[in-house]
Enquirer: 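Quick one: the structure is below, questions incoming.
In what follows, every heavy atom counts, from backbone to side chain, and hydrogens, waters and symmetry copies are set aside.
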Amino acid sequence: MSTPTMNRTATVLLTALAPVSWGTTYAVTTELLPADRPLFTGMMRALPAGLVLLALARVLPRGVWWGKATVLGALNIGAFFPLLFLSAYRLPGGMAAVVGSVGPLIVVGLSAVLLGQRPTARSVLTGLVAAFGVSLVVLRAAGALDVVGVAAAFTSAASMSAGTVLTKRWGRPDGVGPLALTAWQLTAGGLLIAPLALLVEGAPPALDGSAVGGYLYLALANTAVAYWLWFRGIGRLTATQVTFLGPLSPLTAALVGWAALGQSLTPVQLAGMALAFGATVAGQLGVRPAAGRSFGPAESSRRETDLGVGRGCGPLPAGRSAPVEAPVEGLRRT
């Protein structure tokens with residue numbers, strides 16, 4: 001028999017698959033994809049995934065949701081992917097991941113302002129422990145820090161955090177499932193990255209079989225499925241709960257590096273993993289559904305299917321289908 005606790009646990013576990021998937025991005029990028037093409041890679045992750053989901057959902061925004069989808073797409077995808085790549089290429093070791101691990105603390109602060117959720121000493125302490133644990137896992141001794149890289153890492157974390165909280169505040173149009181909302185954001189974000197990639201990096205590179213396979217994995221499993229699970233989780237959990245799953249990304253990157261790339265794990269790193277994972281678990285405990293602003297009008301229509309078409313959107317015109325086809329989360333230089 002299903003209970004609210006069991007349902008919440010299942011939702012947490014499914015949502016956690018998103019940052020776990022993102023943690024594989026570093027290995028896929030370094031082993032399979034063309035070097036030094038972060039913007040092209042960000043576009044290839046977002047735009048094809050968004051178009052595939054849009055073709056499946058066959059739902060377009062309507063009215064104010066054109067603007068909201070663009071804002072959310074810019075925060076969660078369009079700004080987040082390029083800034084994350086920029087920080088990873090400019091900062092030594094795992095500093096980009098360390099700076100990015102302040103995301104839960106940013107979400108705690110923004111939730112107080114935008115969602116009316118008062119921060120607690122427990123949530124702040126859990127966020128600090130998570131950041132410290134991640135630092136033990138990924139941080140390496142290095143020289144002077146790059147100011148641009150630090151600013152990019154912090155801004156990318158702030159962008160994704162703001163996108164998470166605004167996704168929770170705005171919810172979805174009545175009757176629209178998380179699949180359509182994910183499609184809108186990925187498509188908008190990919191369209192924002194595309195001209196920047198062309199301007200900065202030039203024409204797309206030639207792709208071999210390994211690169212094609214890598215991009216297919218990033219676009220479908222690592223982005224389309226992962227972001228659908230992420231935004232689905234935002235609709236059913238608190239914003240703070242969701243963001244405390246974020247440390248699973250650098251932890252997964254470290255484990256994949258050890259298992260697949262032959263990288264070693266020191267006792268200090270293992271201790272950091274235990275701290276970060278413990279903070280992730282602690283972030284899911286003792287949390288009540290937030291009163292006040294929640295997941296918008298869709299909260300009252302939770303029983304609709306994820307592919308439902310509701311009053312807040314319009315279907316794609318008859319006879320037309322959408323063309324079918326970044327956090328690099330956990331990316332770090334060694």
Enquirer: Is there a donor-acceptor pair closer than 3.5 Å between any side-chain N or O of Thr167 and the backbone N or O of Gly163?
Expert: yes

Enquirer: To check you understand the geometry: which heavy-atom pair defines the closest contact between Ala49 and Leu186, and what is its length?
Expert: CB-CD1, 3.9 Å

Enquirer: Would you check if the side chain of Thr30 reaches a backbone N or O of Ala27 as a donor-acceptor pair within less than 3.5 Å?
Expert: yes

Enquirer: Nearest heavy-atom pair of Arg122 and Ala282: which atoms, and what distance?
Expert: NH2-O, 3.3 Å

Enquirer: Please determine whether residues Leu285 and Val242 belong to a single hydrophobic cluster, defined as Ile, Leu, Val, Met, Phe, Trp and Tyr linked transitively by side-chain heavy-atom distances below 4.5 Å.
Expert: yes

Enquirer: Verify side chain to side chain contact (heavy atoms under 4.5 Å, CB included) between Ile193 and Leu47, making sure each step is shown before the conclusion.
Expert: CA-CA 9 Å; Ile193 297 174; Leu47 188 55; over 6 Å; no

Enquirer: Starting from Ile106, can I reach Leu75 by hopping between I/L/V/M/F/W/Y residues whose side chains sit under 4.5 Å apart?
Expert: yes

Enquirer: Would you find a donor on one side and an acceptor on the other, under 3.5 Å apart, between the side chain of Thr155 and the backbone of Ala152?
Expert: no

Enquirer: Considering all heavy atoms of both residues, which atom of Lys168 and which atom of Arg236 are nearest to each other, and what is their separation?
Expert: NZ-N, 4.4 Å

Enquirer: What pairs of donor and acceptor atoms, side-chain ones from residues 14-21 against any protein atom, are under 3.5 angstrom apart with sequence neighbours left out?
Expert:
residue : atom : partner : partner atom : Å
Thr15   : OG1  : Thr11   : O            : 2.7
Ser21   : OG   : Asn222  : ND2          : 3.4

Enquirer: Side-chain heavy atoms under 4.5 angstrom apart, residues restricted to Ile, Leu, Val, Met, Phe, Trp, Tyr: same cluster for Phe154 and Leu128?
Expert: no

Enquirer: I'd like to know if Val108 and Leu245 are part of one continuous hydrophobic network [Ile/Leu/Val/Met/Phe/Trp/Tyr, side-chain heavy atoms within less than 4.5 Å].
Expert: no

Enquirer: As a test of understanding, state which of Thr240, Val107, Val113 forms a side-chain contact (heavy atoms from CB on, under 4.5 Å) with Val165.
Expert: Val107

Enquirer: For the CZ atom on Phe277, are there more than 12 heavy atoms of other groups (residues, nucleotides or ligands in this structure) within a distance under 6.0 Å?
Expert: no

Enquirer: Report the residues that fulfil side chain to side chain donor-acceptor pair (under 3.5 Å) with Thr280, sequence neighbours left out, ordered by chain and then residue number.
Expert: none

Enquirer: Anything under 30° is parallel, anything over 60° is perpendicular, the rest tilted; go ahead and classify Trp184 against Trp65.
Expert: tilted

Enquirer: Measure up the Phe40 and Tyr215 rings against each other and bin them: parallel (under 30°), tilted (30 to 60°), perpendicular (over 60°).
Expert: perpendicular

Enquirer: Grouping I, L, V, M, F, W and Y whenever their side-chain heavy atoms are under 4.5 Å apart, do Leu105 and Met160 come out in a common cluster?
Expert: no

Enquirer: Is a donor on one side and an acceptor on the other found under 3.5 Å between the side chain of Glu201 and the backbone of Leu39?
Expert: yes

